[in-house]
Structures are given as C-alpha cells and as structure tokens.
Amino acid sequence: GDQVEQSPSALSLHEGTGSALRCNFTTTMRAVQWFQQNSRGSLINLFYLASGTKENGRLKSTFNSKESYSTLHIRDAQLEDSGTYFCAAEAGGSNAKLTFGKGTKLSVKS
Amino acid sequence: GPKVLQIPSHQIIDMGQMVTLNCDPVSNHLYFYWYKQILGQQMEFLVNFYNGKVMEKSKLFKDQFSVERPDGSYFTLKIQPTALEDSAVYFCASSSPGAETLYFGSGTRLTVL
C-alpha cells in the first residue's frame, strides 16, 4: 500500500475560512515537506519539518514522527491559496528520496 | 527563493525517438533528482544523483533512462527510445549538502505521440 496517505483528496473553502490537511505515514519517516502546486504546475516549497511545528503567515504545519502523521493548517483562506497541496516524506537512510502523497485539491471561493 | 530551471517547458516527440530533458539546478547544490508526474496524479521518484553517480533509482527508472551532469553543466534526463507511457511532466529537483529541503523546477511536459 501507499506509504503516504493524504486526506482529504479535495477541499472547498470560502474566503476567510480555514481547514486542515493531513498525511498519515505507514512507515517511520524522518522528515516531511509540504508543497503547493499552482495552476501553472510549479511546486512551491511551504515547509520542511524534521519534528515539531512551524508557522508561516496563514499556514502552520506539524510533524509527529512518533505517531506518523503531519498536518497543514490553512487559516483565513484567500483565492490565491487555490491549488493542489502535496506532502512528501523522507524515510530514514533514503538519500533524501521523497515519497509524495496523492495531493489535496483546494478550491477557495469568494 | 532558490530557483531550479528546466528547459524546455514542453516537448512533443514521436515514439521511438530520443529526448533529453535539461535541468539547471541551484548553483551550490550537489544532490539532484528527477520525479515524474502523470496528469492529475502524485509525483513519483525516478532517480537521485550525487558526485557523478546514481545513488538510488525506482522501478520507474527504466533501462531506456539515463542521467548525467557533465562538467557541472545541465543535469540531464535522457530517454532513448521513448514510449507512449513516458508522456508525463518531469520535475527536476536539487538540494545542498546537509540541507534536506528539495527545490523543484517548474517541470517539462513531455508528450510522446
């Protein structure tokens, strides 16, 4: 089965609201990255975490390697937040090989 | 932030031909990667490369695939010969020693007819 299980697969938010995306890992991961893929297909780095929580503006991410999950919280969603969000995790000893989740397609509506 | 450039952004070729995808990684990065994304699906690891050698490759990295970075120039992915199932967007990424964050290019959309 998939090593990285991402949910939900799709999410619709009204501007100003918020929600959380989640990735569960079926094997021990040593780090996680979160990306936003925009409408042009470019991958934008959001966070890299080896543990704990990081915050950047309206985004906050947590990685709990012991319990094998990571979350990405979006608050006060804006139209430009629309896109597909991917988590990607790195197993120990993997030469930084990232295993991606299937993505969450976020649509922010006015 | 750091930029990885990929050339070309689109490539259309006939099945059986050779194609080379070019990647200009971030200037002080030493680790290089290729990922493949079929439309609407997740990114899948193909290969990583360091110090002139392939370190790890996935089962998607078929015998028809090869990578190199001659003399610090572009990091390239060559497919020879191409097959219909090679149609996808190919993303290059790079990272620096001791820093685990990977930076991705904007991808090359390859269409094999």
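Throughout, a chain's letter reflects where its sequence line sits, starting with A, and its residues are numbered from 1.
- Cluster annotation: B/Tyr50 and B/Tyr103 are assigned to distinct hydrophobic clusters (Ile/Leu/Val/Met/Phe/Trp/Tyr, side-chain heavy-atom contacts under 4.5 Å, transitive).
- Counting non-hydrogen atoms of neighbouring residues, nucleotides and ligands closer than 6.0 angstrom, the CG atom of B/Leu113 exceeds 12 such neighbours.
- Contact of A/Phe35 with chain B is made through the side chain alone, with heavy-atom distances under 4.5 Å.
- No part of B/Glu44 comes within reach of chain A, as not one of its non-hydrogen atoms sits under 4.5 angstrom from that chain.
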- Applying salt bridge (Lys or Arg N to Asp or Glu O under 4.0 Å), run through A/Arg58 and A/Asp81 and close with a yes or a no. CA-CA 10 Å; A/Arg58 297 177 290 101; A/Asp81 295 333; 2.6 Å; yes
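- Residue contact with chain B, scored on non-hydrogen atoms closer than 4.5 Å, involves the side chain of A/Gln37 exclusively.
- Shown here is A/Tyr69, whose OH atom has more than 12 heavy atoms of other residues, nucleotides or ligands within 6.0 Å.
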